Amino acid sequence: MQKRSFYVGYTLASLLAAACPLSYSHAESTSPAAHFATTTATASEAHTGGTLRLAAQNSGGTLDPQVSYISLIKQLETPVYDGLLTFPKFSGPAAQHVIANLAETVPQPEDGGRTYRFILRPNLRFSDGQPLTVEDAAASFRRLFKVGSPTAGPYYSHIIGADACLHDPAHCTLAGGIETDAATRTLTFHLTEPDAEFPERLAWFHAAILPASTPPHDTGNTAPPGTGPYRVTHYDPATGMVLDRNPYFQEWAHDAQPAGYPDRINVTFGLDPEGEVTAIENGQYDVMYEDVPLDRLGEVGSRYAKQVQIYTLLLYYYAALNVQIPPFQSLKARQALNYAINRHAMVIYHGGEAVAAPLCQLLPQGAPGYDPACAYTKGASPTHPLHQWQAPDLAEARRLVRESGTAGQKVTIVAPLEGRYAAMAMELRSTLASLGYDATVRSMTQTVQFSYVQNSDNHVQLALTGWNADYPSASSFLQTLFACASFHPHSDNSPNMSAFCNPDTDALMTRAATAALTSPEESAEDWAEVDRALMTEAPAVPLVQIKRVRLLSKRTRNAIVTLNDEILLSQLQVQ
């Protein structure tokens with residue numbers, strides 16, 4: 001399947017000038033990577049040591065790498081944990097395919113795509129000193145099911161024995177699905193059927209290899225030992241986190257897991273984005289996790305252009321509609337909100353057309369299978385979509401609400417407190433009110449909100465949230481968010497927040513995934529069909545796709561944005 005890099009470089013002037021009409025100069029980019037030239041150190045300038053200081057508004061909740069689904073924790077723990085495979089730790093077109101990490105090579109599939117045989121690298125150790133064995137690797141995959149990892153079902157259910165593990169996680173054995181040979185350091189996976197994306201799923205964060213002794217439950221504020229160049233030595237969700245060097249780490253493959261430059265990574269929680277910008281300007285911090293806030297874009301662009309990183313992610317914001325409870329049990333109510341929402345306003349809340357684009361389908365631009373088709377805009381319908389979003393169609397939306405019989409019902413929007421969510425939530429509330437609903441907003445910190453809206457016991461009608469691709473594929477959006485296997489009732493780890501399950505749509509997904517084994521082009525066409533089918537059912541309201549705009553300190557060098565990990569914290573150098 002064709003893949004693309006998450007990173008696209010831009011001149012700061014071309015982006016921020018459009019977002020904020022202020023005048024400043026910046027050297028013209030001559031290549032997609034040119035923007036990074038201002039912060040990338042040459043080999044002769046490479047600096048090892050010091051403390052990298054990162055500021056974030058809130059903590060990311062659990063540190064368990066097989067449970068966490070918060071991007072902040074993934075970014076912080078990228079240099080802490082490793083899988084058998086990984087995406088390369090460099091940018092550019094060559095970083096679009098998985099490479100070997102804890103395994104010596106990326107194996108060729110055997111038995112028609114049903115068998116994968118890995119040989120572990122020798123002399124690997126966890127950060128507590130114990131050697132890594134094939135039994136640790138096998139236990140890590142059993143643990144995925146025991147802890148109820150959000151991607152256990154969607155990503156690893158093709159392993160023989162996984163179905164029994166999904167039904168009885170506590171007694172998961174993956175019998176027949178994983179074989180180990182300690183003498184040859186060989187780990188063999190047997191699948192029930194070919195899975196074209198199995199290597200990418202082994203490179204995903206949740207497939208981190210942990211000691212076999214790791215408890216079979218969410219470790220919460222305790223980070224299990226990992227194999228990367230850093231280890232978590234302190235974590236207080238209220239105040240901060242510290243990563244120090246792993247004394248047992250020896251670089252085995254630079255492109256897979258490079259040795260780190262800073263001696264310590266110190267993370268402080270509690271600063272809002274405004275405070276983060278000011279602190280970095282004053283030299284108090286080196287990296288801000290959140291985007292530069294809208295009212296500071298012009299200032300940052302004019303005074304600190306060389307310190308800004310702008311890159312495109314397969315990331316969008318959307319409203320998940322719970323299809324199992326009123327009013328969004330009604331298809332017409334779901335379609336009405338899709339017609340009524342003003343996506344242009346959503347773009348403005350994220351900085352304007354320079355750094356955001358309206359989105360009205362469930363595959364973002366740049367994802368494999370993306371085929372522009374907007375079913376819910378003025379002059380369009382699910383059977384006759386337009387190429388792009390034009391304007392809201394309130395008349396059609398109000399007609400659908402009347403026919404649904406849901407007008408006057410109460411709707412609570414559960415939204416994060418942070419960043420631009422507040423403006424988006426109020427826009428949704430206003431839109432729902434204009435359609436005749438009694439709408440309110442309930443806000444909570446993102447760490448709490450993300451788990452809360454996943455649990456069906458909380459009966460969330462509308463969840464405002466965002467999604468970043470686990471890896472560049474259509475399935476990491478469509479299957480992860482809307483497949484039957486992604487809905488886990490009564491669980492905080494249920495990425496299908498819409499509680500949507502349609503066997504016919506699942507069959508289309510299976511067809512698309514199967515086609516990838518023989519024809520990436522046919523698979524892309526099938527995923528585009530899945531996207532259109534899902535939008536006809538409207539289990540969510542896609543809102544806006546964005547670029548990331550992050551500020552670094554003057555003393556920071558060697559900013560590298562990878563395909564799957566955003567800015568590599570381990571590779572930042574502090575002078």
Side-chain angles (χ1 to χ4, degrees), residues 41 43 46-54 59-60 62-66 68 72-86 88-89 99-104 120-137 139-140 143 182 185 205 207-215 219-236 239-268 286-287 556-558 560 562 565 567-575:
H47 178 77
T48 300
T51 298
L52 179 72
R53 304 160 304 180
L54 184 143
S59 70
T62 178
L63 296 183
D64 193 320
Q66 295 192 317
S68 176
L72 170 62
I73 294 300
K74 179 182 181 298
Q75 185 173 8
L76 291 172
E77 293 191 337
T78 290
V80 176
Y81 297 104
D82 295 283
L84 298 172
L85 305 176
T86 190
K89 300 300 186 286
I99 60 174
N101 192 7
L102 297 178
E104 290 186 337
L120 286 182
R121 297 181 191 271
N123 305 318
L124 296 170
R125 288 185 179 274
F126 291 105
S127 59
D128 62 357
Q130 62 178 304
L132 186 153
T133 70
V134 289
E135 292 306 321
D136 294 310
S140 296
R143 184 177 185 271
R185 306 191 310 278
F205 183 57
I209 304 302
L210 307 175
S213 59
T214 305
T219 60
N221 294 346
T222 301
T227 48
Y230 294 91
R231 56 179 178 161
V232 178
T233 55
H234 170 76
Y235 181 60
D236 182 339
T239 59
M241 178 173 173
V242 177
L243 284 73
D244 287 306
R245 289 191 181 277
N246 171 5
Y248 297 96
F249 176 81
Q250 292 185 341
E251 187 179 276
W252 56 80
H254 183 78
D255 289 346
Q257 183 64 285
Y261 285 104
D263 287 335
R264 170 171 285 189
I265 300 173
N266 198 348
V267 186
T268 300
D286 299 305
V287 188
T556 307
R557 299 289 184 273
N558 203 47
I560 298 172
T562 71
D565 302 308
I567 296 176
L568 279 179
L569 298 178
S570 71
Q571 298 306 288
L572 287 173
Q573 301 169 14
V574 288
Q575 301 296 320

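Because the structure is a prediction, the values reported are computed rather than measured. Residue indices begin at 1 and follow the sequence shown.
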Is it true that a side-chain atom of [X] and a backbone atom of [Y] form a donor plus acceptor pair closer than 3.5 Å?
| X | Y | value |
| --- | --- | --- |
| Q257 | T78 | yes |
| N266 | V242 | no |
| D286 | L54 | no |
| D136 | A212 | yes |

- Item | Verdict with supporting geometry, Q573 and T556, side chain to side chain contact (heavy atoms under 4.5 Å, CB included) | CA-CA 6 Å; Q573 301 169 14; T556 307; over 6 Å; no
Mind checking side-chain hydrogen bond (donor to acceptor under 3.5 Å, both in side chains) for [X] and listing every partner two or more places apart, or none if nothing turns up?
| X | value |
| --- | --- |
| Q571 | none |
| H234 | none |
| D255 | none |
| S59 | none |

If you round to the nearest 0.5 Å, how far is [atom2] of [Y] from [atom1] of [X]?
| X | Y | atom1 | atom2 | result |
| --- | --- | --- | --- | --- |
| Y248 | T227 | OH | OG1 | 14.5 Å |
| T562 | I567 | OG1 | CD1 | 10.0 Å |
| L243 | S570 | CG | OG | 10.5 Å |
| H47 | Q575 | NE2 | CD | 5.5 Å |

Would you say the side chain of [Y] lies within less than 4.5 Å of the side chain of [X], judging by non-hydrogen atoms?
| X | Y | answer |
| --- | --- | --- |
| R53 | T268 | no |
| L102 | L124 | yes |
| L572 | V287 | yes |

- Only one of L63, V267, V232 forms a side chain to side chain contact (heavy atoms under 4.5 Å, CB included) with L76, so which one is it?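 Only one option passes, and that is V267.
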Apply side chain to side chain contact (heavy atoms under 4.5 Å, CB included) to [X] and list each qualifying residue two or more places apart in sequence or on a separate chain.
| X | value |
| --- | --- |
| P122 | E104, R185 |
| E135 | T133, T180 |
| P225 | F126, S127, D128, P211 |
| R143 | D64, Q66, V147, L210, T214, T219 |

- Message: S68 vs E77, test: side chain to side chain contact (heavy atoms under 4.5 Å, CB included). Steps then yes/no.
- Response: CA-CA 10 Å; S68 176; E77 293 191 337; 5.5 Å; no
- Message: Using the rule given for side chain to side chain contact (heavy atoms under 4.5 Å, CB included), can you reason through Q250 versus N123, listing the C-alpha separation, both sets of side-chain angles and the distance that settles it, and then say yes or no?
- Response: CA-CA 9 Å; Q250 292 185 341; N123 305 318; over 6 Å; no
On a heavy-atom basis, which atom in [X] and which in [Y] lie closest, and how many Å separate them?
| X | Y | answer |
| --- | --- | --- |
| P229 | P258 | CG-O, 3.6 Å |
| S213 | Q130 | OG-NE2, 4.2 Å |
| G228 | F249 | C-CD1, 3.5 Å |

- Going by distance alone, is a donor N or O of one side chain under 3.5 Å from an acceptor N or O of the other, for W252 and N101? yes
- Message: Once salt bridge (charged side-chain N to carboxylate O under 4.0 Å, His left out) is applied, do any residues pair with R264, and if so which ones, sequence neighbours excluded?
- Response: D244
- Item | Any residue meeting salt bridge (charged side-chain N to carboxylate O under 4.0 Å, His left out) with D263, in chain and number order, not counting sequence neighbours |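 Expected list: R245.
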- Task: Tell me, please, which residues at least two apart from Y261 pass ring pair (Phe, Tyr, Trp, His ring centres under 6.0 Å).
- Result: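 Per chain and number, Y261 pairs via ring pair (Phe, Tyr, Trp, His ring centres under 6.0 Å) with no residue.
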- Message: Before you tell me yes or no, could you show the steps for N246 and Y230 under side chain to side chain contact (heavy atoms under 4.5 Å, CB included), namely the whole-Å CA-CA distance, both residues' side-chain angles and the distance that decides it to 0.1 Å?
- Response: CA-CA 5 Å; N246 171 5; Y230 294 91; 5.8 Å; no
